[in-house]
> 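Below: one structure in structure tokens.
FYI, side chains are in, hydrogens and waters are out, and symmetry mates aren't considered; it's all heavy atoms of this structure.
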Amino acid sequence: MSELVTAAMVVIGDEILSGRTKDRNIGHLADMLTAVGIDLREVRVVSDDETAIVEAVNALRARNTYVFTTGGIGPTHDDITADSIARAFGRPCGYDEKAYRLLEEHYGRRGIEFSEARKRMARMPEGAEHIENPISVAPGFRVENVYVMAGVPAIFQAMLDNVIPKLRTGALLISETIPSPLPEGAIGGPLGEIQAAHPETIIGSYPKYQDGSFWTEIVVRSRSREALAAAVEATRHMLEAIPARQVVKG
């Protein structure tokens, strides 16, 4: 088995918690990481509060290979992610010379004032490495295993495209889906026994309702084809052994 590579995500912003903005970045990150064999283990949504950001980042970076943050690196007073990441790592935060120059030239070409608010987007923890932003120029940044990116979905996705090729990846999860006419209540116990007997797999059950009937979709995942096949076989045998009378109709 390949070494497990894990990740966590911190979504930052009062607007997410209030419901004014609907997050579109979690699913995209999960898709991209799964495609390269990185397990997204946890997502936290925190307010624009420095202490909350520092606590979340420090907890997650200590137990994951990578941490990704979105939001809070814009020009407004509540964009405090750069300061919070600096505090999490015990580093000073100030204007990054390269980022400052990029933004100054960008706004100069467009004839737009490089205001104090816009200058805030050039602030980073000391020693941070840039994450290129091909859409609006203002870069994200990396400090050790923490990748700090914009919350605007198009910009986040463009930044992530530049990050993914640089990450250490793991073995891909493979999966097989087994439809079951039985409800979760009938298979929960036996399915738990199968999971315990096949620790190299991840077994999930998902209730469905279609055409007046309840049924369950069982998904078995593993990084080992042999382990997957064994768990799938055990699951099929379990389903065959449960009386058909336990099928639930709507």
Side-chain angles (χ1 to χ4, degrees), residues 1-11 16-46 56 60 63-68 70 153-154 156-157 160 164 167 169-250:
M1 297 288 286
S2 298
E3 183 182 355
L4 190 63
V5 183
T6 66
M9 182 180 191
V10 182
V11 180
I16 299 292
L17 290 167
S18 71
R20 289 192 302 273
T21 299
K22 312 303 180 185
D23 179 83
R24 290 166 47 197
N25 295 326
I26 297 172
H28 182 76
L29 179 65
D31 286 343
M32 294 293 285
L33 294 181
T34 297
V36 296
I38 299 175
D39 287 0
L40 182 61
R41 289 294 183 87
E42 184 175 352
V43 176
R44 295 195 189 183
V45 183
V46 300
L60 295 176
R63 61 173 178 259
N64 288 281
T65 314
Y66 301 114
V67 174
F68 302 89
T70 62
F156 169 73
Q157 291 172 22
L160 189 61
I164 290 288
L167 301 179
T169 58
L172 298 180
L173 277 171
I174 52 177
S175 67
E176 186 163 340
T177 301
I178 308 164
S180 163
L182 303 171
E184 286 190 303
I187 65 174
L191 204 59
E193 294 173 3
I194 293 171
Q195 175 70 88
H198 297 82
E200 290 188 31
T201 67
I202 303 167
I203 303 176
S205 62
Y206 308 95
K208 305 288 182 179
Y209 181 80
Q210 186 175 7
D211 299 328
S213 296
F214 291 96
W215 57 286
T216 306
E217 185 178 79
I218 301 171
V219 180
V220 184
R221 301 178 179 88
S222 180
R223 289 185 163 83
S224 162
R225 291 191 180 278
E226 293 77 13
L228 178 71
V232 167
E233 182 179 12
T235 301
R236 293 191 188 282
H237 288 165
M238 177 269 291
L239 293 174
E240 292 169 359
I242 296 179
R245 67 175 178 271
Q246 295 198 43
V247 176
V248 177
K249 297 292 185 181

> Provide the closest heavy-atom pair for Ser222 versus Ser224 in the form atom of the first, atom of the second, distance.
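It is OG-N, 3.0 Å.
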> Rounded to the nearest 0.5 Å, what separation is found between the CD atom of Glu193 and the CD1 atom of Ile203?
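So the gap between those two atoms works out to 11.5 Å.
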> Is there side-chain contact between Val5 and Thr169, with heavy atoms separated by less than 4.5 Å?
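Of all side-chain heavy-atom pairs linking Thr169 with Val5, none is under 4.5 Å.
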> Are Arg223 and Asp39 ion-paired here, with the side-chain N under 4.0 Å from a carboxylate O?
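Yes, Arg223 and Asp39 are salt-bridged.
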> Looking at every heavy atom in both Ser180 and Trp215, which two are closest together, and how far apart are they?
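Answer, listing the atom of Ser180 first, then Trp215: O-CB, 3.2 Å.
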> Output the distance between atom CD1 (Ile16) and atom CG (Asn25), rounded to the nearest 0.5 Å.
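Output value for this atom pair is 7.5 Å.
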> Drop me the distance from Leu173's CG to Ile38's CD1, to the nearest 0.5 angstrom.
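Nearest 0.5 Å value for the CG-CD1 distance: 12.0 Å.
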> So for atom CZ, which belongs to Arg63, do other residues, nucleotides or ligands contribute more than 12 heavy atoms lying within a distance under 6.0 Å?
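Enclosed: over 12 neighbouring heavy atoms sit under 6.0 Å from CZ of Arg63.
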> Within a strict 4.5 Å, meaning less than it, do heavy atoms of the Asp23 and Val45 side chains meet?
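No, too far: nothing below the 4.5 Å cut-off.
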> What heavy-atom pair brings Asn64 and Ala7 nearest, and what distance separates the two atoms?
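So the minimum-distance heavy-atom pair works out to OD1-O, 3.6 Å.
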> Run the numbers on Arg41 and Leu4 for side chain to side chain contact (heavy atoms under 4.5 Å, CB included), then give the verdict.
CA-CA 11 Å; Arg41 289 294 183 87; Leu4 190 63; 2.9 Å; yes
> Hey, mind stepping through Leu29 and Phe156 against side chain to side chain contact (heavy atoms under 4.5 Å, CB included) and telling me if it holds?
CA-CA 9 Å; Leu29 179 65; Phe156 169 73; 4.1 Å; yes
> Measure the spacing between CD of Glu226 and OG1 of Thr201 and express it to the nearest 0.5 Å.
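Answer for the CD-OG1 pair, Glu226 versus Thr201, is 13.0 Å.
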> Leu33 and Ile164: side chain to side chain contact (heavy atoms under 4.5 Å, CB included), yes or no, with the steps?
CA-CA 8 Å; Leu33 294 181; Ile164 290 288; 3.9 Å; yes
> On a heavy-atom basis, which atom in Tyr206 and which in Glu184 lie closest, and how many Å separate them?
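Shortest heavy-atom separation between Tyr206 and Glu184 comes out as N-OE2, 4.1 Å.
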> Are any non-hydrogen side-chain atoms of Leu182 and Thr216 less than 4.5 angstrom apart?
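Sidechains of Thr216 and Leu182: no contact.
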> What's the verdict on side chain to side chain contact (heavy atoms under 4.5 Å, CB included) for Leu40 and Thr34, showing C-alpha distance, side-chain angles and the deciding distance?
CA-CA 8 Å; Leu40 182 61; Thr34 297; over 6 Å; no
> From Met32 CE over to Leu167 CG, what is the distance, rounded to the nearest 0.5 angstrom?
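Spacing of CE (Met32) from CG (Leu167) equals 9.5 Å.
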> When rounded to the nearest 0.5 angstrom, what is the spacing between CD in Glu176 and CZ in Arg225?
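If I round to the nearest 0.5 Å, the distance is 10.5 Å.
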> How close do Ala231 and Ile194 get, heavy atom to heavy atom, and via which atoms?
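Looking at all heavy atoms of both residues, the shortest contact is O-CG2, 4.2 Å.
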> Mind listing the closest non-hydrogen atom pair of Ala186 and Ile242 along with its distance?
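For Ala186 versus Ile242, the nearest heavy atoms are O-CD1, 3.7 Å.
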